[in-house]
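In what follows, chains carry the letters A, B, and so on, assigned in the order in which the sequence lines appear, proteins first and then strands, with residues in each chain numbered from 1.
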Amino acid sequence: MASASHPQFRYSQPPSKVLHLRNCPWECTEEELVELGKPFGRVVSTKCNVGANRNQAFIEFADLNQAITMVSYYASSSEPAQLRGKTIYIQYSNRQEIVNNKTTGDASGNVLLVTIEGVEPRDVSIDVLHLVFSAFGFVHKIATFEKTAGFQALVQFSDLETASAAKNSLDGRSIPRYLLPEHVNYCNLKITFSAHTDLSVKFQSHRSRDYTNPNLPVAPSAMDGSGQFVLGLDGRKQEQESNVLLASIENMQYHVNVDVLYTVFSAFGPVQKIAMFEKNAGWHALIQYPDVQTATVAKESLEGHCIYDGGFCKLHISSSRHTDLSVKVNNDRSRDYTIPNSAVMSSQPSILGHQPVNAVGPAAASVYSGAPFAAGFDSNVMAAQPVAEWGVNAASMSQTMAPSMPRTSYMIPGTAPHEMAPGVMHVHGHTVPPHVRPIPPYGH
DNA sequence: AGCACA
């Protein structure tokens, strides 16, 4: 029955001088493995902490007969093989030698091997990893892959010090919840040093990135015939970018009209038209910009953010298939700002009567300030905050980083501290000139 | 309790 449900283990392995041990105790040592094998022959090599749970190990004997002796002994013994009192299971490895056994005692370098537990690979994009690890320094390259140990990534830093800082702060912690899809509850990182020093990344793709070489070609698999990206950063099919955004407003406790949306979306560039509509018991809006790039920046900056503190009026933004909205009437629900009259009208703070004064507080005040290009945008709203919070002093942090992360409504996804130069910020790889830098109308 | 870093 057991063999029927595990057909891959139905046949015993052919003998090898390498033995595969499973169910090993957590972080058992090479010395313990040597002690275990010594009675049966000369142990020439060992490897421990193997696999996703790091509870497998290998012992290589000098001679095949020694391995056979050990396996035979425990096959007929009344006492099972044990490490630290824990029963372990021994079989012949399907390989003939232990490779890549660590050469220097604590091999550490500038590249980290990250095992991402508890998620499907599509749940954690390479950009989320980039964001998380960039908090510690410039991330040169990332390569992700799936092996027996699960979903893993190699993350290359400039030097051992940065890599070490990232490892110390992130090992054993979860990626912040708000960077994960809603259905994922946690996502644990297990981090070790890789023996690599320089990853070879041939293409920019949803599996690998070279952040030192923006001119690297995009993998053919991530392009369509017209040369546009069709794969998202997570490898999923991506909607075609458009100059018109579709915003769904979740948890709309407060009145949202075109004026509110105009203020929020004008932070990224000129808004031409807005049309709101109700569908499936929820409110949605189409927002038209003059160009795709502005719309894309707005989409990536605002996605998942709330217009008001407290999770009210949360925005979910996608690209619309529309390119030019037909706005027939200017009212609370639709507006064409390219018609001079209505544009003037909208710039007046004429909506104060709708302001949910008591509930919103100062956070929302800037929404109504009528100054969408205010100079107040400063480094204090950028993603620089995680740097301080995850930095080398993060050792005293609690197990999960999430509680100490900035609130979602402050977070501008994709901003990497190292990329920031005065007056310029990057939003998902786009350089945003200062005059269109998004102010966070949703406030502090 | 099930094979190692693309």
Side-chain angles (χ1 to χ4, degrees), chain A residues 1-30 33 36 44-61 67 71 74-75 80-104 107-117 121 124 126 129 140-157 163 167 189-210 216 219 221 235:
Chain A
M1 198 194 92
S3 63
S5 58
H6 298 283
Q8 67 271 34
F9 308 128
R10 200 179 312 168
Y11 309 106
S12 59
Q13 295 288 342
S16 162
K17 63 186 196 304
V18 180
L19 299 182
H20 175 225
L21 281 58
R22 48 191 204 273
N23 202 34
C24 298
W26 172 250
E27 294 196 338
C28 75
T29 64
E30 306 219 341
L33 296 174
L36 187 71
V44 297
S45 183
T46 63
K47 190 174 182 68
C48 47
N49 304 323
V50 168
N53 297 322
R54 298 203 230 177
N55 57 4
Q56 298 171 58
F58 295 96
I59 296 177
E60 179 178 340
F61 284 101
V71 169
Y74 285 113
Q82 291 186 330
L83 282 173
R84 299 184 204 170
K86 191 178 181 199
T87 296
I88 60 163
Y89 303 88
I90 302 176
Q91 66 185 152
Y92 299 113
S93 172
N94 53 24
R95 302 202 199 178
Q96 295 305 307
E97 58 184 1
I98 293 178
V99 295
N100 212 16
N101 196 25
K102 67 182 177 201
T103 46
T104 63
S108 57
N110 60 321
V111 179
L112 299 177
L113 171 64
V114 182
T115 304
I116 303 133
E117 300 178 328
V124 178
I126 203 165
L129 293 173
H140 287 232
K141 300 172 186 177
I142 297 180
T144 63
F145 48 95
E146 285 177 77
K147 288 287 290 216
T148 49
F151 181 36
Q152 294 186 302
L154 290 161
V155 180
Q156 179 175 339
F157 285 99
K167 177 176 179 291
L189 300 175
K190 278 192 179 169
I191 305 178
T192 57
F193 286 107
S194 162
H196 288 275
T197 55
D198 190 21
L199 305 176
S200 163
V201 173
K202 301 285 194 296
F203 297 103
Q204 311 286 19
S205 76
H206 61 282
R207 297 181 54 123
S208 63
R209 297 290 171 81
D210 182 345
L216 198 67
S221 64

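Ranked by how close their nearest DNA chain B nucleotide is to the 5' end, A:G51 and A:K86 are led by A:K86.
Distance A:E146 CD to B:dC5 P: 15 Å, rounded to the nearest Å. We find that CZ of A:F193 is positioned 16 Å from C1' of B:dC5, with the value rounded to whole Å. Protein atom CG of A:L21 is 14 Å distant from nucleotide atom P of B:dA1, rounded to whole Å. In this structure, A:Q82 places its CD atom 14 Å from P of B:dA1, rounding to the nearest Å. For A:F203 and B:dA6, the CZ to P distance is 19 Å, given to the nearest whole Å. In this structure, A:L199 atom CG and B:dC5 atom P are separated by 14 Å, rounded to whole Å. In this entry the distance linking CG of A:D198 with P of B:dA6 reads 17 Å, nearest Å. Between the C1' atom of B:dC3 and the CG atom of A:N55 lies a distance of 12 Å, rounded to the nearest Å.
Checked against the 6.0 Å centroid threshold, A:F58 and A:H20 count as a close aromatic pair.
Residues that satisfy the side-chain contact (heavy atoms from CB on, under 4.5 Å) test with A:Y89, not counting sequence neighbours, are A:R22, A:N23, A:T87. With sequence neighbours excluded, no residue forms a salt bridge (Lys or Arg N to Asp or Glu O under 4.0 Å) with A:E146.
Within 4.0 Å (heavy atoms only), A:E97 reaches at least one base atom of the nucleic acid. In this structure, A:Y92 reaches the bases: a heavy-atom distance under 4.0 Å links it to at least one base atom across the strands shown.
Ion pairing between A:D210 and A:K202 fails under the 4.0 Å rule for side-chain N and carboxylate O.
Between A:F151 and A:T115 the shortest side-chain heavy-atom distance does not fall below 4.5 Å.
Considering only side-chain atoms of A:R22, the nucleotide from B:dG2, B:dC3, B:dA6 that sits closest is B:dG2. The side chain of A:H20 lies closest to B:dG2, out of B:dA1, B:dC5, B:dG2. Across B:dA1, B:dC5, B:dA6, the shortest atom-to-atom separation from the side chain of A:A143 is found for B:dA6. The side chain of A:N53 approaches B:dG2 more closely than any other nucleotide in the set B:dC5, B:dG2, B:dA1. Relative to the side chain of A:F58, the nucleotides B:dC3, B:dA1, B:dA6 differ in distance, and B:dC3 lies closest.
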